[in-house]
Amino acid sequence: MCELLGMSANTPTDICFSFSGLMQRGGRTGPHSDGWGIVFYEGAGVREFRDPHPSCDSEIARLVRNYPIKSDIVISHIRQANAGRVSLENTHPFTREFWGRNWTFAHNGQLKGIKKEPLCYYRPVGTTDSEHAFCWLMCQLRKRFPKPPARAATLHRYIYKLALELRELGVFNMLLTDSKHLYCFCSTKLSWITRRAPFEKATLKDDSLSVDFKKVTTKNDIVTVVATEPLTTNESWNVMKSGEFIVFQNGQVDYHQA
């Protein structure tokens, strides 16, 4: 299976530490050697990096690890291909425009029969079941909400409903963002941790790297990191249950269904 990484923060924050651990799982400490990608949100714009080669040996991944891009929402993915050839167009995350916003999606798992689901406004560029699922989800949102709903919770509930429908087709672990919220749905594996004052030291599982967050944060910072598997050895991560859905905004839980 692929692996996911997401971040939601209340202030622009870099994800170099967490990405350092994730990139090792892309062919060194894990079998996810069929490409990787990452999307950073900066205001209304996004920075996107993708590479169909293993992240552990990727010069682009090294750039991302070493260059502290500040963002309040990040979604990343390392791929173990099971549907669709190894190629740049099949490399997650995928991004589409809706309501004048960039929406980004990444998924791990397999969805049997998803390509039988009709699409309307959005079409996949590649051949993965994941991208078809994303296009289907976006089509449903566009049909249901031509304009943004007055209450964010209305949107959250509907995305949760769509995620439950997709889970009926197989394994559906998802990270999605509308540029304001980070939507997390667990089918089999997803964990998260929120870091806030008083900050402590953290040590990666997959790389010989530690960081003392007290030295690189302020007392007002709130940063939540979401990953398929916990990335550190000395912190207590929250393990999500099957069917659990959490929406983060500015690093904090905004909506929760279990």
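None of the values given here were measured: they were computed from a predicted structure.
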Check: With no hydrogens and no angle check, do the side chains of Ser8 and Asn250 hold a donor and an acceptor under 3.5 Å apart?
Finding: no
I'd like to know if the side chain of [X] reaches the main chain of [Y], judged simply by a donor and an acceptor atom lying under 3.5 Å from each other, with no hydrogens or angles considered.
X: Asn238; Y: Ile193; value: no
X: His107; Y: Asp129; value: no
X: Glu131; Y: Gly126; value: yes
X: Arg79; Y: Pro52; value: no

Notebook entry, point to check: Can you name the residues that form a salt bridge (charged side-chain N to carboxylate O under 4.0 Å, His left out) with Glu244, not counting sequence neighbours?
Noted result: none
Under 4.0 Å between a side-chain nitrogen and a carboxylate oxygen: does that hold for [X] and [Y]?
X: Lys70; Y: Glu42; answer: no
X: Asp178; Y: Lys180; answer: no
X: Lys161; Y: Glu165; answer: yes

Determine whether [X] and [Y] make a side-chain contact, defined as any pair of heavy atoms from C-beta on separated by less than 4.5 Å.
X: Met138; Y: Trp103; value: yes
X: Asp72; Y: Met7; value: no
X: Pro93; Y: Leu175; value: no
X: Lys205; Y: Leu231; value: no
X: Leu162; Y: Trp136; value: yes
X: Val39; Y: Arg47; value: no
X: Leu5; Y: Val226; value: no
X: Glu3; Y: Lys189; value: no

Notebook entry, point to check: Nearest heavy-atom pair of Ser187 and Arg167: which atoms, and what distance?
Noted result: OG-CG, 3.8 Å
Margin query: If I compare all heavy atoms of Leu22 with all of Ser76, which pair ends up nearest, and what's the gap?
Written below: CD2-OG, 3.5 Å
Listed partners of [X] passing side-chain contact (heavy atoms from CB on, under 4.5 Å), at least two apart:
X: Val253; value: Trp192, Ile246, Phe248, His256
X: Lys201; value: Ser210
X: Phe145; value: Trp99, Leu141, Pro149, Thr154, Leu155, Tyr158

Check: Hey, would you say the His156 and Tyr183 ring centroids sit under 6.0 Å apart?
Finding: yes
Checking [X] now: which residues fulfil ring pair (Phe, Tyr, Trp, His ring centres under 6.0 Å) with it, not counting sequence neighbours?
X: Tyr122; answer: none
X: Phe199; answer: none
X: Phe49; answer: none
X: His92; answer: His77, Phe94

Taking side chain to side chain donor-acceptor pair (under 3.5 Å) as the test, write out the residues that go with [X], two or more places apart.
X: Thr232; value: Glu235, Trp237
X: Thr218; value: Asp221
X: Tyr41; value: Thr104

Next item on the list: Cation-pi check, Arg142 to Tyr121: give yes when NZ or CZ is under 6.0 Å from the six-membered ring centre and within 45° of the ring axis, no otherwise.
Entry: yes
Check: Taking only residues at least two apart or on different chains, which pairs with a member in residues 49-59 satisfy side chain to side chain donor-acceptor pair (under 3.5 Å)?
Finding: Arg28-Asp57, Trp36-Ser58, Glu48-Arg50, Asp51-Ser58, Glu59-Arg62
